[in-house]
Amino acid sequence: MFVADSYCDGMSRPLPTPSLVVLVGPPASGKSTWAKENFAERQVVSTDTLRGVVGEHELDLDATVDAFEILDRVLEMRLGRALTTVVDTTGLDVDRRRKYLDLANRAGVHAVAVRFTTSAAECRRRNRARAHPVPAKALDSMIKLARNVELDAEGWDQVLQPEPVRMVSAPLQNAVSLGGLGTREEASPAALKFGLLVSRFNWSGGSESIGPTLAEIARSAEESGFDSLWVMDHMIQIPQVGAAWDPMLDSYTTLGFLSGATSKIRLGVLVSAITFRNIGHLAKMIATLDVLSGGRAIAGLGAANFEREHQAYGWNFDAPPQRLARLEDALQALPLLWGPGSPSFEGKTLSIPEAIGYPRPVQDPMPMIVGGSGERVTLRLAAKYASGCNLFGDADAVRTRVAALHRHCSDLDRDPDEVEVTHLGEVLVGSDRTDLDARIERLRPANTGPERYAAQVNAGTIDDHEAGFRALATAGVHTAIVTTPDLEDPSVFPALAALIERFAQ
């Protein structure tokens, strides 16, 4: 259990999406006002409101039992859909609190209790000013009951005072809370480079607009401080990103175009499927990109994972062991194809009589990044052959995988500092809460609510994401590669640039 009294960094406290927030305090202690200031009306469930639905008016005590019965059912349905819900009652009945906590635990929803400790005198003063005050004896009884509530021992994930809060994705909330990183000044400094992945091209204006829009995105990324620019290697858009009929550009043709639109940003494919091309041809394409871009190419390599496009194009999609064996062959053969002379190569799946390729790349050695988080095989390949690996997941998952990478490096007598750790994740960044909420509302599909969409795209302010990326850097990440759903909008880049600047050293 994590118990906090107050969040004193001058910002609102982040709560993970979704959360069950139960307000605990006597009448007139400020519960409804606080809920209205911090949550959308649709997120708050009030017994007063429910009494007005099933009774004659909101203070119709004869409707109380029915109102609580509806409240329980509403909670069950909302938490079952993983929706943040605020319970606006007095919260003084311990059996009801236990029931709410049990509902949250069964739904896997973060459970928060907010303790209202407004003085008895102030509660009485506010109550007298109400159009329909609670009877004085009843109020005194609830004030006394509130003094004896022991929330800290009940099992809540958080127990808070009524302070400003905001909803963020669970990884961001964990990062902000981790180690007391409440403010940038209190946190340990961390150097982190950033890359931008362009994963979708279904922009307004049709095919004619793709080239100009993509060039403008690349220039904006370079000006904003991104160290690298990436595209995926797919023939058909993947389900995680869009529909099969959405436009998907050839990766290396696209990078050749982008090399002409930029001057310093590094260019890579995240990651090249070693099943798509003859390895000698792949070596030629990467070397050509490196030469024409002035030494800015990154060779991202992976074992491929999207069976449908292989079937659609008539390519073999072997079992994972065979694809991983081909990836290992490629990692050994590519440096020979980029190197001097014409040596032969004989691997498990690949035979090259003459590894000859000119012009040679500008970079020597050419950086090779292995995509995938498999701790037993993929990370061993990265440790043995590559200059980097690309990981997924939150900071805890990254920390575990970096440890596995370092074990492989130790087994191979390789310095782990020689292997760059990159991390891919989606973000939606707002300059502040108002800007972020506007972006969520503009981008979310009509059938997806703002809270669910925010969780899907890992939405947060610059401050939220600073904490999230600092946690990744602490876990061992050197370069954070991000994708974001609103690249077509130029206004996305100032917030991204501000975030990058916080990690520049």
Quick one: does any side-chain atom of [X] pair with a main-chain N or O of [Y] as donor and acceptor, under 3.5 Å?
X    : Y    : result
S387 : V419 : no
R444 : T448 : yes
T33  : G30  : no
S224 : S220 : yes
Q43  : A40  : yes
R126 : P27  : no
N127 : A28  : no
H465 : L428 : yes
H234 : S199 : no
T17  : S169 : no

### Criterion side chain to side chain contact (heavy atoms under 4.5 Å, CB included) on D396 and R399, from CA distance to verdict
CA-CA 5 Å; D396 288 338; R399 189 175 292 105; 3.0 Å; yes
Could you report the tightest heavy-atom contact between [X] and [Y], atom names first, then the distance?
X    : Y    : value
C409 : P416 : SG-CA, 3.9 Å
I462 : A498 : CD1-CB, 3.8 Å
A107 : L79  : CB-O, 3.5 Å
C123 : L139 : O-CD2, 4.1 Å
I298 : S228 : CD1-CB, 4.3 Å
T275 : A303 : CG2-O, 4.2 Å

Is the closest side-chain heavy-atom distance between [X] and [Y] below 4.5 Å?
X    : Y    : answer
V21  : W34  : yes
D72  : Y100 : yes
R97  : W156 : yes
L15  : L160 : yes
L249 : L214 : yes
M232 : Q237 : yes
T484 : V429 : no
V134 : M142 : yes

### Message
Given R166, which partner from the list D432, D437, D464 fulfils the salt bridge (Lys or Arg N to Asp or Glu O under 4.0 Å) test?
### Response
D464
In Å and rounded to the nearest 0.5 Å, what is the [atom1] to [atom2] distance from [X] to [Y]?
X    : Y    : atom1 : atom2 : result
F39  : E451 : CZ    : CD    : 9.0 Å
R401 : L379 : CZ    : CG    : 8.5 Å
I481 : L196 : CD1   : CG    : 9.5 Å
F194 : L229 : CZ    : CG    : 15.5 Å
T422 : K193 : OG1   : NZ    : 10.0 Å
E426 : N458 : CD    : CG    : 8.0 Å

### Task
Under the side chain to side chain contact (heavy atoms under 4.5 Å, CB included) rule, what do F493 and I217 come out as? Steps first, then yes or no, please.
CA-CA 9 Å; F493 283 99; I217 288 171; 4.1 Å; yes
### Message
For a side chain to side chain donor-acceptor pair (under 3.5 Å) check, start with the C-alpha distance between E488 and T213, then their side-chain angles and the critical distance, and finish with the verdict.
### Response
CA-CA 7 Å; E488 188 180 7; T213 302; 5.2 Å; no
For atom [atom1] of [X], decide whether the heavy atoms of other residues, nucleotides or ligands shown that lie under 6.0 angstrom number more than 12.
X    : atom1 : result
R42  : CZ    : yes
R130 : CZ    : yes
R376 : CZ    : no
E69  : CD    : no

#### Entry: Worked check of side chain to side chain contact (heavy atoms under 4.5 Å, CB included) between W230 and L424
CA-CA 11 Å; W230 305 80; L424 175 63; over 6 Å; no
Do [X] and [Y] sit within salt-bridge range, that is, some charged N less than 4.0 Å from a carboxylate O?
X    : Y    : value
R470 : E466 : yes
D152 : R115 : yes
R407 : D411 : no
R98  : D95  : yes
K137 : D140 : no
D463 : R502 : yes

### Task
Quick one: do F469 and V427 satisfy side chain to side chain contact (heavy atoms under 4.5 Å, CB included)? Show the steps, please.
CA-CA 11 Å; F469 285 115; V427 298; 3.9 Å; yes
### Chi angles and distances behind the side chain to side chain donor-acceptor pair (under 3.5 Å) call for S272, D233
CA-CA 5 Å; S272 305; D233 195 26; 4.5 Å; no
## Note on the structure
side chain to side chain contact (heavy atoms under 4.5 Å, CB included) test vs L20 passes for just one of L103, D157, V87, namely V87
### Option from L391, L472, V402 for which side chain to side chain contact (heavy atoms under 4.5 Å, CB included) with V477 holds
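Testing each of L391, L472, V402 against V477, the sole residue satisfying side chain to side chain contact (heavy atoms under 4.5 Å, CB included) is L472.
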### Query
Going by atom types only, do E420 and T479 share a side-chain donor-acceptor pair under 3.5 Å?
yes
### Query
Between R200 and T483, is any side-chain donor less than 3.5 angstrom from a side-chain acceptor?
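Distance-only check fails for R200 and T483.
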### Task
Kindly indicate, with the supporting measurements, whether the criterion side chain to side chain donor-acceptor pair (under 3.5 Å) is fulfilled by D48 and S46.
CA-CA 5 Å; D48 286 348; S46 164; 4.6 Å; no
